Amino acid sequence: IQTQLMGDIAAAADLDAIEALRVSALGKAGTITALLKTLGGMTPDERQAKGPEIHSLREAVTAGLAARKAELDAAALDVKLAAEAIDMSLPADTSPRGSIHPVSQVMDELAEIFADMGFAVATGPEIEDDWRNFTALNIPETHPARAMHDTFYFPDTDVEGRAMLLRTHTSPVQIRTMMSQQPPIRIIAPGRVYRSDSDATHTPMFHQVEGLVIDRGIHMGHLKWTLETFLKAYFERDDIVLRLRPSYFPFTEPSAEVDVGYKQEKGRRIVGGNGDDAGHAWMELLGSGMVNRRVIANCGLDPDEWQGFAFGVGVDRLAMLKYGMDDLRAFFDGDLRWLAHYGFGA
Ligand code: PHE
């Protein structure tokens with residue numbers, strides 16, 4: 001029986017054949033099962049003689065079945081692996097990649113440029129109180145600048161009774177920094193700001209970067225050099241010239257509007273601005289000035305000891321100028337085709 005069965009097992013071509021053999025030998029009505037049953041009817045002496053023989057037959061057949069099954073499994077796996085081989089000539093996956101939004105990219109660039117000049121990045125909350133957003137910055141309650149900022153107010157005041165609002169500029173970060181750090185201070189404060197305004201060049205949410213330096217003996221020359229160095233690095237050209245026009249901000253005195261000029265050539269990416277006789281195109285870009293003595297005093301510092309300058313610039317506008325975008329609203333539409341058109345994203 002053993003020779004016959006082992007021959008059959010070796011010849012079994014697939015798992016079904018193995019299973020059929022197992023049932024016919026070891027199943028309820030199987031040949032070996034029948035032999036095992038005869039042991040019950042034998043005399044002790046017969047059982048002593050036949051028992052080991054029958055048991056070793058069963059063990060040999062069981063082992064033979066398992067071995068052949070393993071062989072067939074391995075062969076089936078080989079076939080499967082061969083069929084599933086990776087085809088290196090197939091075209092690559094073309095699903096779109098994510099990318100850094102132009103506004104985020106410009107903010108990162110600014111942080112790097114200013115880090116080289118020793119500026120740290122400071123941040124503050126987008127929900128501010130009117131003391132930090134206005135009063136401490138020398139914009140009292142009756143000041144027309146409050147109306148000019150088209151402020152979004154919250155219906156309730158904070159626990160100290162201060163009106164709460166969405167910050168209209170990043171200048172409250174100046175206040176937070178001066179009140180929590182001893183000078184010398186050199187920071188930039190990038191972030192979102194909010195004003196109730198919407199057209200091609202205004203969105204109700206936009207981005208600013210504020211700069212603040214507080215130290216001894218700081219003057220307008222430091223301001224001009226800092227802005228010139230920053231703008232040359234940002235626009236990646238050396239022929240940038242600055243024009244400071246007298247202006248007014250409650251928190252700086254004197255104040256200057258900063259225009260950026262560059263020699264006009266064809267094919268450059270900087271767009272906008274008006275030409276002048278010397279062939280310069282000018283763009284109005286920043287607000288700036290020497291920090292008002294009152295603001296320094298409001299933050300608990302002695303304005304006779306500490307002076308400084310501050311500036312503010314629109315990040316979205318900087319991005320538009322560098323990448324030649326013309327509608328600010330498109331920045332926040334999340335349209336992948338728009339991003340791709342300007343070289344961002346897939
Ligand atoms: N905070 C001003 C604004 O939003 C910009 C500014 C900042 C001007 C710092 C001068 C100094 O309009």
Side-chain angles (χ1 to χ4, degrees), residues 103 107 110 114 117 119 121-126 128-140 143-152 165-178 185-197 201-215 218-228 230-231 242-260 283-296 298-299 303 306-318 328:
V103 170
M107 294 216 272
L110 297 182
F114 278 101
M117 292 191 269
F119 285 68
V121 171
T123 55
E126 290 168 33
E128 268 293 4
D129 57 69
D130 70 346
W131 189 80
R132 291 188 179 90
N133 193 80
F134 291 127
T135 315
L137 288 160
N138 196 35
I139 313 175
H143 200 283
R146 290 210 182 191
M148 274 160 49
H149 275 208
D150 301 309
T151 312
F152 289 111
L165 46 81
L166 290 175
R167 67 180 179 192
T168 57
H169 50 182
T170 39
S171 302
V173 182
Q174 286 188 31
I175 303 301
R176 289 179 175 276
T177 307
M178 282 192 272
I185 291 169
R186 276 194 296 273
I187 54 137
I188 59 164
R192 295 192 185 99
V193 300
Y194 302 83
R195 292 183 201 179
S196 175
D197 210 350
T201 52
H202 297 90
T203 50
M205 183 281 295
F206 59 104
H207 301 82
Q208 283 190 337
V209 166
E210 185 96 3
L212 174 71
V213 169
I214 300 284
D215 206 337
I218 296 293
H219 55 73
M220 292 286 277
H222 295 121
L223 167 64
K224 193 178 180 200
W225 179 86
T226 303
L227 292 181
E228 212 170 80
F230 143 53
L231 291 163
L242 297 193
R243 187 166 70 182
L244 274 66
R245 278 183 295 109
S247 184
Y248 174 77
F249 298 102
F251 33 89
T252 48
E253 181 60 34
S255 302
E257 205 87 49
V258 181
D259 297 338
V260 176
M283 308 174 285
E284 221 180 283
L285 209 58
L286 300 104
S288 70
M290 300 305 294
V291 180
N292 193 309
R293 293 174 59 86
R294 293 197 194 185
V295 174
I296 292 175
N298 285 343
C299 295
W306 303 108
Q307 302 78 42
F309 65 78
F311 58 87
V313 60
V315 177
D316 317 280
R317 186 156 159 70
L318 280 176
L328 182 59

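Every number for a ligand or one of its atoms is a count from 1 in the order of the listing. It should be emphasised that the depicted structure is a prediction, and the values quoted were computed from it without experimental measurement.
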Self-check item: Whether Met290 lies under 4.0 Å from ligand 1, heavy atom
Solution: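 So Met290 does not count as touching ligand 1.
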Self-check item: Structural part of Phe251 in contact with ligand 1, heavy atom criterion under 4.0 angstrom
Solution: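 It is the side chain that gets close, since no backbone atom is under 4.0 Å.
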Self-check item: Part of Ser255 with heavy atoms under 4.0 Å of ligand 1, whether side chain, backbone, both or neither
Solution: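 Looking at Ser255 and ligand 1, no heavy atom falls under 4.0 Å.
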Quiz prompt | Option with minimal heavy-atom separation from atom 10 (C) of ligand 1, where the choices are Ser288, Gly211, Pro172, Ser247 | solution =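 Considering heavy atoms of Ser288, Gly211, Pro172, Ser247, the nearest to atom 10 (C) of ligand 1 sits in Ser288.
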Quiz item: Out of Asp259, Leu223, Leu231, which one pairs with Leu242 under the side chain to side chain contact (heavy atoms under 4.5 Å, CB included) rule?
Solution: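 So the option named by the test is Leu231.
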Self-check item: Centroid separation His169 to Phe251 less than 6.0 Å
Solution: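 Under 6.0 Å, so yes.
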Practice problem: Under the salt bridge (Lys or Arg N to Asp or Glu O under 4.0 Å) rule, collect the residues that match up with Arg293, sequence neighbours excluded. | Solution: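 With neighbours one apart ignored, the set is Asp304.
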Self-check item: Arg186: salt bridge (Lys or Arg N to Asp or Glu O under 4.0 Å) partners, not counting sequence neighbours
Solution: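 Partners of Arg186 by the salt bridge (Lys or Arg N to Asp or Glu O under 4.0 Å) criterion come out as none, since no residue qualifies.
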Exercise. Could you say whether the N/O atoms of Thr168 and ligand 1 ever approach to under 3.5 Å?
Key: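 Checking ligand 1 against Thr168, no N or O pair falls under 3.5 Å apart.
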Exercise. Report yes if some N/O of His169 lies less than 3.5 Å from some N/O of ligand 1; otherwise report no.
Key: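 N/O-N/O distance below 3.5 Å exists for this pair.
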Exercise. Check the pair His222, Asp215 against side-chain contact (heavy atoms from CB on, under 4.5 Å), reporting the backbone distance first and the verdict last.
Key: CA-CA 11 Å; His222 295 121; Asp215 206 337; over 6 Å; no
Quiz item: Short list, please: which atoms of ligand 1 are under 4.0 Å from a heavy atom of Gln208?
Solution: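 Answer for ligand 1: 3 (C), 4 (O).
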Quiz prompt | Arg195 neighbourhood, listing ligand 1 atoms whose heavy-atom distance to it stays under 4.0 Å | solution =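 What qualifies from ligand 1 is 3 (C), 4 (O), 12 (O).
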Quiz item: Taking atom CZ of Arg176 and atom CZ of Arg132, what is their separation to the nearest 0.5 Å?
Solution: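 If we round to the nearest 0.5 Å, Arg176:CZ and Arg132:CZ are 4.0 Å apart.
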